[in-house]
Amino acid sequence: MSVQNQSLHLLGSSHHVADLGIREKINLPASAIDEFYQGLRQLPGLEECLLLNTCNRTEIYGAANNGFSPNLLCEYLSEFRKIDYDFLAQHSYQHSGEKVVKHLFEVSSGIDSQMVGETEILGQVKKAYEDACTRNAAGKMLNRLFQKGFQAAKWARTNTGISKGQVNLGNVLCELARRIFGKVSNSRLLVIGAGDVAESALEAFKSRGSQAITVTGRTFDWCPLSRRKPDELAEKYGGFALSFSKFQESLHHFDVILTSTASGKAMITPTEVQLAMKRRPSKPLFLIDASVPRNIDEKVARIDNVFLYNMDDVSAIANENLKTREAEVDRCRHALAKKAIRIWEQMTVQPNSISSINQSVTPNS
Amino acid sequence: MNFQDTRDLLWLAGGLYGVAFFIGLLKTFKNNFSLFREAPFIAISFGFIVHTRALYFRGLDVHGCPLGNTLERVQFILWSLILAFLILRLLWRLDLLGSFCAGLSFFAGWLSLLFPSLDSKYWLLENYQRLFSNPWVELHASIAIFSYGIFSLLSIVCAMYLVQHKALLDRATGKLSSFLPPIHDLEHAAFRLLLIGTLCLTLSLIVGGMHWLRHPEYVTSIKLFITLILWAGYCLLFFLRCSNILFGSKFSKASIALFLIAMLSMGFMSSKDKSSTILQPQQTSQE
């Protein structure tokens, strides 16, 4: 069948219309995807299909002949996941025609994501597309749609500010470290404690190639024979474990020091930092105090070449970056909508034949 | 626009640097500003070609290296600054540094052109003797001015350091600070520039000193004094940085201050006293 006689359909559920509990019900387990595709391809009139299944969204893209009823997708998914049809309709959205193009552009560029501008979604869309190609489920129309979607995502990231600035705490710390030391992979990180922030920082530093990661914590010394968390963290991220009693005299070896303990008292004092700075005079020191109450005496910030940030500072930067991204969303959405119209016109030579099916159904409509 | 006229060409070169500077700013601060990526670099390169042509014509006029008045010295320093940037640009992609250099060349270049009194036409005097009768003196002057170009680049790097340093202390996340290089890299670059600049200035003093020993009458005592003070200042700065006594923001501030002093002392750097009979550009154009 020629592309001119086809139209696009989408059934999806995401964080916009369903909370986590509902998304868990709709989301497809990896083991069920083969079976889901088999059933999907049996739907009468559906010629091409693609499943995008991530933790935040489950979407079915389809190219069908003009006689296809989009409700079949909803019926099939509700049957497959054993969910009430009305319940699914209430927590999902359906688009057809040009709006599918626009939606895919928004999803792949990251402006539809929970964390606006995140880049992970593009990888997930690419993976879903490759999966559909491997199964021969995607044909001429979906191929074209998704290729255009990848181009649109690249355009949006290059030409708008939706991906500017880091919004994840670990990534914000890496960005700050980059502004001080240059390559994060060259800076030596010491993590004191083993909280969530510490783990987020370790993950971010490790993903940027940091080889010199050291972890220490009070529990490590309390019970050195049993494997406690700092030791586990060090092993998990390919770092070293340092005895807690020795970390204060080793401060000068590190470029970035993050404290995240529930100690309730200052572990790093101005005197210790001054001593450390004497041993590394012209090299800056980046300290992050992620503890409440604080673990680093705030007078430390007065020492030359020392940069002290606490969690409020880091969160404020993340929020500021998020606001900047959100301010760019409208501009990006508008530009992507224009692109979507143009692409849809190119995809369908006979606009009259698709006008009747160019519609959307959302829980609010 | 007369493409054979030094001043017209200098205005044009300054304008091209200005274009590069403003495109650089727009590219940094405006997300939706779309112009091809190399536009500022191309504008700087064209500016440099025009600048070189202007100094070449002035060199033909004065029959030597054009360093006879304040405008010529300022323009030669700016030319050296852009040359140093273009050499560095071969090694690293330094777009923002280019914008800063273009900005300084634009503002300082046009400012020096706005005051005709800075551009006395000393070579039109009846008793004009070649500015540099000895090639060693010409070498001394050109190396000295090149070292000033390096020091101006050092000041720009230090200014970038201070902007980044302040942004980090203020927890600011402006676009400028996110595009600026890391302070660690800026400090390294500043140290290397100080080393190169100090070596050039020392070499220039050695060459000039050899000539001065034979012809002390050519050098005014104020020039000698200021030159030695500046050289001692840069040597001291280098020593303090090397021994890790002065670093970070204090080093950057000291470098900028020393460069400003050097710039302010430019008016005292003439070799011969020609103050009584210098013709101003307006006078000469009437002739």
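Below, chains carry the letters A, B, ... as their sequence lines are ordered, and counting in each starts from 1. The structure displayed is predicted, hence computed values, not measured ones.
- Comparing B/Ile245, B/Leu186, B/Asn244, B/Leu246 by heavy-atom pairs within less than 4.5 Å of chain A, the highest count is held by B/Asn244.
- Sparse packing is recorded around CH2 of B/Trp231, with 12 or fewer heavy atoms of other residues, nucleotides or ligands lying under 6.0 Å away.
- Contact of A/Lys283 with chain B is made through the side chain alone, with heavy-atom distances under 4.5 Å.
- Closest approach of A/Asn305 to B/Gly248, counting heavy atoms only: OD1-CA, 4.5 Å.
- In this structure, A/Phe181 and B/His184 have tilted ring planes: the angle between them lies in the 30° to 60° band.
- To the nearest 0.5 Å, atom CG of residue A/Asn310 and atom CZ of residue B/Arg171 are 7.0 Å apart.
- Of the two parts of B/Phe191, neither the backbone nor the side chain holds a non-hydrogen atom closer than 4.5 Å to a non-hydrogen atom of chain A.
- Heavy atoms from other residues, nucleotides or ligands lying under 6.0 Å from CZ of A/Arg294 number 12 at most.
- Within 6.0 Å of the CD atom in A/Glu298, the count of heavy atoms belonging to other residues, nucleotides or ligands does not exceed 12.
- Residue B/Phe46 places its CZ atom among 12 or fewer non-hydrogen atoms of other residues, nucleotides or ligands, all under 6.0 Å distant.
- Rounding to the nearest 0.5 Å places CG of B/Leu169 at 10.5 Å from CG of A/Leu308.
- Proximity to chain B is limited to the side chain of A/Pro284, based on heavy atoms less than 4.5 angstrom apart.
- Looking at A/Phe286, there are no atoms closer than 4.5 Å to chain B (heavy atoms on both sides), in backbone or side chain.
- Heavy-atom distances place the backbone of B/Ala172, and not its side chain, under 4.5 Å from chain A.
- Between chain B and the options A/Gly182, A/Ala177, A/Ser282, the largest number of non-hydrogen pairs under 4.5 Å is found for A/Ser282.
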